[in-house]
There are 2 protein chains.
Amino acid sequence: MAEHGVAEKLPPDGRSMTPSLPNVPIAQSPVDKFREFLDIKKLKCTEERLRIVRYIFEAHQHFDVDQLLESMREKKIPASRPTVYRTLNLLVDAGLLRRLTFGETTAYEHAYGYPRHEHLFCERCGGVIEFVSEELDRLLQSISREHRFRPISRKLVVQGVCEKCSKPTADRRKLDLI
Amino acid sequence: MAEHGVAEKLPPDGRSMTPSLPNVPIAQSPVDKFREFLDIKKLKCTEERLRIVRYIFEAHQHFDVDQLLESMREKKIPASRPTVYRTLNLLVDAGLLRRLTFGETTAYEHAYGYPRHEHLFCERCGGVIEFVSEELDRLLQSISREHRFRPISRKLVVQGVCEKCSKPTADRRKLDLI
DNA sequence: CTACGTGCAAATGATTTGCAAAGAT
DNA sequence: ATCTTTGCAAATCATTTGCACGTAG
């Protein structure tokens, strides 16, 4: 009664947390960039905000709000849920994070210090494979031009099944027939 | 205090309701296809469900739940909100509709009798331009193959500004600086 | 008949917000 | 000193669900 395709949660297997692309050289640290943003917007640079930003840019790649809250709690870094939401919105506005939607979950990933890329999302295990394609870039540029459309950003998620999940295994769950 | 990019609602200017691609030849009517689906799933073919399906496939292209409810109410076609939600889910499961996400809104479009295509979404006016690209298809196929990923479907939305909205007008709203 | 579908009102779940207290410039 | 941010609890919004009644097969 509640399937409507697609995995419900990001998997806890660490897969979605692992960056797969080389970092990109950056002039300022994410924290400095965020400071700059707060400054321009006349917002205050508080300890709570910095804690969250520092934590996010320490290691995570893809995460959702609950994963972030839980892992911060584990590490005894205090942060309330509303402040996390508020800060994530600031970080998206600041261009430091990108908000993603895989299946049902809202996830976040680094948008700064990490190359622009697209996602192959496995509907079976919830895993994400990242890829970069200049050809895709050129193609979308040219299509946009044909329509006199000025592209700013894009969201591309190819949904399907990854290698691991398409290999039949002994213990694989029975597929939902139909 | 509540902007975070992007238009909030599909515009009422009829733009997003207009199909821009030629229809595709189909063997059965959407209603028949839905009947078949209900039959396979051992679900009942009720008057309410048929009303909704008929109405949706009569003309709409892109719509959200509220638009659908309101326009059905205008035409005196009875349908309760829960039943509309339930039926939309069935139609998505049946492959007759595709669920889309533009900005904040969840929209639906015909997936049957209408070619597969991608979207250019104007963040200013909320308008949608549809396009088809075989080259994109080939490219994503080949990228998937490289990653031993079996693609099933995809979501691509290029966000940007359409021709009309990028032309400066007398009465254009002031842009949010920053 | 009998099980499934319907509409209502109420529940849900993710995200946001009002407010009093705490903090930054 | 002043105005923003915080955390809490409560509000919100879209969507889903429990239930008593209606209806398709």
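Every heavy atom of this structure was used, including side-chain atoms; hydrogens, water molecules and symmetry mates were not. Just so it is clear, the structure is predicted and the values come from calculations on it, not from any experiment. Below, chains carry the letters A, B, ... as their sequence lines are ordered, and counting in each starts from 1.
Residue B:Y85 places at least one side-chain N or O under 4.0 Å from the OP1 or OP2 atom of D:dT15. Side-chain nitrogen and oxygen atoms of A:N89 include at least one within less than 4.0 Å of the OP1 or OP2 phosphate oxygen of C:dT16.
Counting non-hydrogen atoms of other residues, nucleotides and ligands closer than 6.0 Å to CD of A:E146 gives a total above 12. The 12-atom threshold is not exceeded at CD of B:E70, counting heavy atoms of other residues, nucleotides or ligands nearer than 6.0 Å.
Atom CG in A:L68 sits about 15 Å away from atom P in C:dA14, given to the nearest Å. The CZ atom of A:R35 sits 14 Å away from the C1' atom of C:dT25 (whole-angstrom rounding). The distance between atom NZ of B:K44 and atom P of D:dG22, rounded to the nearest whole Å, is 15 Å. At whole-Å resolution of the value, CG in A:L38 and P in D:dT4 are 14 Å apart. For the pair B:D39 CG and C:dC4 C1', the computed distance is 15 Å after rounding to whole Å. One interatomic measurement links the two molecules: CG of A:D64 to C1' of C:dT15, which rounds to 13 Å at whole-angstrom precision. Between the CG atom of A:L69 and the P atom of D:dC8 there is a distance of 12 Å, given to the nearest Å. Atom-to-atom, CG of A:L43 to C1' of C:dG23 comes out at 15 Å; the value is rounded to the nearest Å.
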Open item on the list: Counting primed atoms plus P, OP1 and OP2 as sugar-phosphate and everything else as base, spell out the protein contacts along nucleotides 6-13 of chain C at 4.0 Å heavy-atom distance: B, S or - for each nucleotide, 5' to 3'.
Closed with: SBBB----
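Salt-bridge check for A:R51 with A:E48: passed, with a basic side-chain N closer than 4.0 Å to an acidic carboxylate O.
Taking the six-membered ring where tryptophan is involved, the planes of B:H117 and B:Y114 are perpendicular, since the angle between them exceeds 60° and thus also 30°. The aromatic rings of B:H62 and B:F102 sit perpendicular, their planes meeting at an angle over 60°, well past the 30° parallel limit.
Residues A:V158 and A:E118 fail the side-chain proximity criterion, which asks for heavy atoms closer than 4.5 Å.
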